[in-house]
2 protein chains.
Amino acid sequence: MKGIIFVIDGMGDRPVKELGDKTPLENARTPAMDKMVEEGITGIMDTIRPGVRPGSDTAHLTLLGYDPYEVYTGRGPFEAAGVDLDVQPGDIAFRCNFATADEDLTITDRRAGRISSGTDKIADTINQMKIDDNVQIIFKESDAHRAVLVLRGKGLSDQITDADPKHEGNKPKTVKPLDDSEEAKYTADVVNQFVNKSYEMLKEHPVNLERIKEGKHPANIVLPRGVGAVPSVPSFEDKYNLKGACVAETGLIKGIGKIVGMDVINIPGATGGINTDIDSVHKHIIDTVKDDKYDFVLINVDGADEAGHDGDIIGKRDFIEKVDNIMKDLKEIDDIVLFVTADHSTPVSVMDHTGDPVPVFIKAPGLRVDDIKEYGERAAAKGGLCRIRGSDVMYIIRDLMNVTKKFGA
Amino acid sequence: MKGIIFVIDGMGDRPVKELGDKTPLENARTPAMDKMVEEGITGIMDTIRPGVRPGSDTAHLTLLGYDPYEVYTGRGPFEAAGVDLDVQPGDIAFRCNFATADEDLTITDRRAGRISSGTDKIADTINQMKIDDNVQIIFKESDAHRAVLVLRGKGLSDQITDADPKHEGNKPKTVKPLDDSEEAKYTADVVNQFVNKSYEMLKEHPVNLERIKEGKHPANIVLPRGVGAVPSVPSFEDKYNLKGACVAETGLIKGIGKIVGMDVINIPGATGGINTDIDSVHKHIIDTVKDDKYDFVLINVDGADEAGHDGDIIGKRDFIEKVDNIMKDLKEIDDIVLFVTADHSTPVSVMDHTGDPVPVFIKAPGLRVDDIKEYGERAAAKGGLCRIRGSDVMYIIRDLMNVTKKFGA
């Protein structure tokens with residue numbers, strides 16, 4: 001019996017006038033999921049707790065049974081792990097932007113003209129940077145103008161502010177300690193030096209001289225944000241004695257898989273948007289589910305969340321229909337416990353995450369099948385699972401997989 | 001967007017034979033609330049946890065997001081704050097009765113003939129009392145035979161028993177320490193001295209000499225009970241960045257509003273019973289909700305609870321119908337997140353609080369409207385909120401007000 005959590009990122013929504021007061025999910029044609037709901041059991045779920053707006057990172061950690069209030073300090077560590085940096089507990093990690101600064105360091109383009117090549121060479125240069133003998137600078141480019149930075153050394157802290165000024169026309173923010181500790185003061189100082197040195201090292205970098213010649217914005221400064229300390233967590237396998245794989249589109253979710261020690265499956269052509277290569281996503285999901293090596297698979301597809309953030313009603317609905325096509329294949333696989341959910345709601349009317357509960361269903365043998373026949377936020381609220389929490393999910397799945405032991409006698 | 005919690009105190013009930021096996025709420029004509037239920041979302045709620053019988057004080061603290069297991073030690077502090085005593089964290093506060101004692105201190109009337117005037121003059125005298133140099137005696141009359149006592153000083157404790165003997169024909173109970181601390185021993189001693197001195201100071205008080213002449217029972221002794229330490233809590237405004245008002249009838253709920261730093265609105269004519277001046281209550285609720293000064297309003301009407309305690313089936317049902325008339329006006333106000341609930345059930349058959357969950361509904365823009373069409377305990381159990389807890393309420397309201405931040409990214 002294999003366990004699967006299939007997260008349709010940001011799918012939960014609210015009724016939309018344009019869809020006849022249905023949500024995108026309620027409005028979508030989802031015959032495969034409806035059939036599994038009919039033959040399964042449904043409910044609503046508060047990923048963290050009722051009314052709390054989860055991030056995708058805190059939500060996925062919770063679904064896997066890790067308490068985000070204990071292990072989550074920021075997005076940086078997961079982004080860093082997601083680009084395959086070998087992060088270690090205690091490392092301080094950041095997401096970064098390559099940006100364009102003028103001579104007095106005023107940021108003129110926060111995305112360096114959405115630079116799409118040469119960032120590996122720029123990263124090589126940044127990796128030569130030396131701040132002092134204590135701290136090691138580990139830097140890697142991600143896609144487009146994105147990168148990650150890891151500080152490794154003694155006496156570091158994640159209790160510091162961001163360098164990213166958020167708006168063009170400003171200089172990088174001076175990073176400040178958030179508490180009175182020497183560690184925070186020192187780390188803030190390191191990051192401030194990092195930002196200034198990045199400009200010194202990059203302003204005449206060959207890649208940038210070439211870009212300037214071509215009339216493009218140079219990637220001549222690096223702006224770290226989303227700081228977090230890499231948590232020390234038990235691996236998924238140690239925790240549950242299940243060999244896990246993570247099939248995801250975005251670095252953030254891949255990074256979570258990596259940090260909990262899962263095998264992370266790369267999906268060529270995956271963008272995390274509604275324009276993703278859905279056939280490639282489809283193939284890699286089914287292949288991984290069918291791979292005997294794994295007892296457990298965490299799946300994340302991201303388009304519905306992106307459409308929600310964009311307020312794209314039809315895009316969101318249509319993307320859900322594409323996901324249903326993947327579900328058609330999962331429907332035919334026996335001997336799985338399939339838990340389908342969103343990590344949070346991203347209503348198209350709000351264009352951001354909200355605390356609305358998400359609709360879930362389970363496909364598994366031997367369930368107490370309820371009388372709900374379609375997959376939707378409001379139908380699910382009447383289902384046999386009633387209202388559960390994200391922290392319940394690994395317990396429920398493992399129980400249905402029949403791999404848990406009695407508590408007591 | 002304004003947040004409102006409207007508490008119909010003690011409204012929750014059980015089916016009553018005399019009402020055709022309906023609860024008072026199910027039997028009541030409540031067209032305004034039914035309409036809001038039809039256009040909103042409903043559910044049931046365990047204010048503290050399933051089966052726990054909440055007091056009105058612990059219930060309201062929970063609804064506002066304060067953990068009563070942390071901040072609640074007794075009713076005294078809230079009663080004291082409710083009569084506008086400026087209590088401070090660490091003060092030890094009591095509710096008191098003015099009572100009638102004979103010469104050997106046997107209590108002959110626990111309510112001093114339900115004395116209705118002159119208690120302010122008696123309070124003036126009590127405020128002259130001196131126990132020792134350490135402890136300050138702060139005393140104030142409340143309505144009828146009720147009063148509050150605050151002890152302020154060093155080395156005080158709330159770990160002591162009550163002085164009130166509960167039944168006439170007994171002497172005041174000797175207050176005893178509940179733990180081995182010097183503080184509890186000292187505080188018990190202070191309260192015992194207080195009770196004895198109150199008799200010495202009041203037995204020939206002019207107000208009492210006059211009462212005796214008129215054949216009335218003198219208020220010649222003060223009996224403290226309901227001891228609690230005034231908690232140190234973050235203000236509602238600091239906690240949520242929302243400016244709050246509290247519109248309530250009883251000192252207890254006003255005191256909760258006061259201690260969390262809300263503006264407390266006084267309602268002339270409010271009695272907290274089914275005989276309250278409902279028009280005055282109505283007017284002050286609507287005026288406060290419409291007051292631009294406030295982002296959040298806590299409303300409490302108390303008659304249904306009183307009727308529940310009295311086992312008054314028809315009185316309870318009819319009072320709920322009067323409240324529906326107030327709801328009619330709230331129904332017409334847009335841009336509010338209105339959370340309607342009871343703080344606990346007070347079934348007329350039990351005549352006291354029980355742990356039965358309470359029926360709730362939310363009126364707000366953009367909700368996942370469910371298919372429930374009337375407001376009742378059992379209809380609500382089928383609603384789209386399923387079963388929530390009191391500690392979820394401020395999270396849910398602020399999420400719907402769109403004033404919360406994501407946890408994570």
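By convention in this document, chain letters (A, B, ...) are assigned in the order of the sequence lines, proteins followed by strands, and residues within each chain are numbered from 1. Computation of the quantities below employed the complete heavy-atom set of this structure, encompassing side-chain atoms and omitting hydrogens, waters and symmetry-equivalent molecules.
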Among B:R387, B:K405, B:R368, which residue forms the greatest number of heavy-atom pairs with chain A at distances under 4.5 Å?
B:R368
Can you list the residues that meet the salt bridge (charged side-chain N to carboxylate O under 4.0 Å, His left out) rule with B:D67, with sequence neighbours excluded?
none
Over 60° means perpendicular and under 30° means parallel, so tell me whether B:F407 and A:Y72 are parallel, tilted or perpendicular.
perpendicular
Is it true that, when you exclude B:K373 itself, more than 12 heavy atoms of the residues, nucleotides or ligands shown sit nearer than 6.0 Å to its NZ?
yes
Show, in sequence, the C-alpha distance, side-chain angles and deciding distance for B:D370 and A:R378, and conclude whether the salt bridge (charged side-chain N to carboxylate O under 4.0 Å, His left out) test is met.
CA-CA 7 Å; B:D370 59 28; A:R378 288 175 288 186; over 6 Å; no
What residues form a side-chain hydrogen bond (donor to acceptor under 3.5 Å, both in side chains) with B:T23, not counting sequence neighbours?
B:E377
A:G55 and B:K406 have their tightest heavy-atom pair at CA-CD, 4.2 Å
Residue A:K166 excluded, over 12 heavy atoms near NZ under 6.0 Å
no
For A:D13, what residues pass the salt bridge (charged side-chain N to carboxylate O under 4.0 Å, His left out) criterion, not counting sequence neighbours?
A:K316
Quick check on A:S56 against chain B: is it the side chain, the backbone, both or neither that has a heavy atom closer than 4.5 Å?
both
Can you tell which of A:S349, A:P347, A:P15 has the highest number of heavy-atom pairs within less than 4.5 Å of chain B?
A:P15
Under-4.0 Å salt bridge between B:D392 and A:R389
yes
Counting a contact as any heavy-atom pair under 4.5 Å apart, which residues of residues 350-358 of chain A contact chain B?
A:V350, A:D352, A:H353, A:T354, A:G355, A:D356, A:P357
Tell me, out of A:G43, A:A381, A:P50, A:C386, who's got the most heavy-atom pairs with chain B below 4.5 Å.
A:P50
Can you establish whether the number of heavy atoms outside B:D238 located under 6.0 Å from its atom CG is more than 12?
yes
Region of B:L367 that comes under 4.5 Å of a non-hydrogen atom in chain A
backbone
With chain A, which of B:V369, B:I41, B:I388 has the greatest number of heavy-atom pairs at distances under 4.5 Å?
B:V369
Can you tell me which portion of B:D371 sits under 4.5 Å from chain A's heavy atoms? Options are side chain, backbone, both or neither.
side chain
Counting only non-hydrogen atoms closer than 4.5 Å, does A:S345 touch chain B with its backbone (N, CA, C, O), its side chain (CB onward), both, or neither?
side chain
For A:L61, which atoms come within 4.5 Å of any heavy atom of chain B: side chain, backbone, both, or neither?
neither
What part of A:F78 gets within 4.5 angstrom of chain B, counting heavy atoms only: side chain, backbone, both, or neither?
neither
Does a sphere of radius 6.0 Å around NZ in B:K382 hold more than 12 heavy atoms from other residues, nucleotides or ligands, not counting ones at 6.0 Å or beyond?
no
Is the number of heavy atoms from other residues, nucleotides or ligands under 6.0 Å of A:K22 NZ greater than 12?
no
Under a 4.5 Å heavy-atom cut-off, does chain A meet the side chain of B:V393, its backbone, both or neither?
neither
When only pairs under 4.5 Å are counted, which of A:A380, A:P68, A:G226 shares the most heavy-atom pairs with chain B?
A:P68
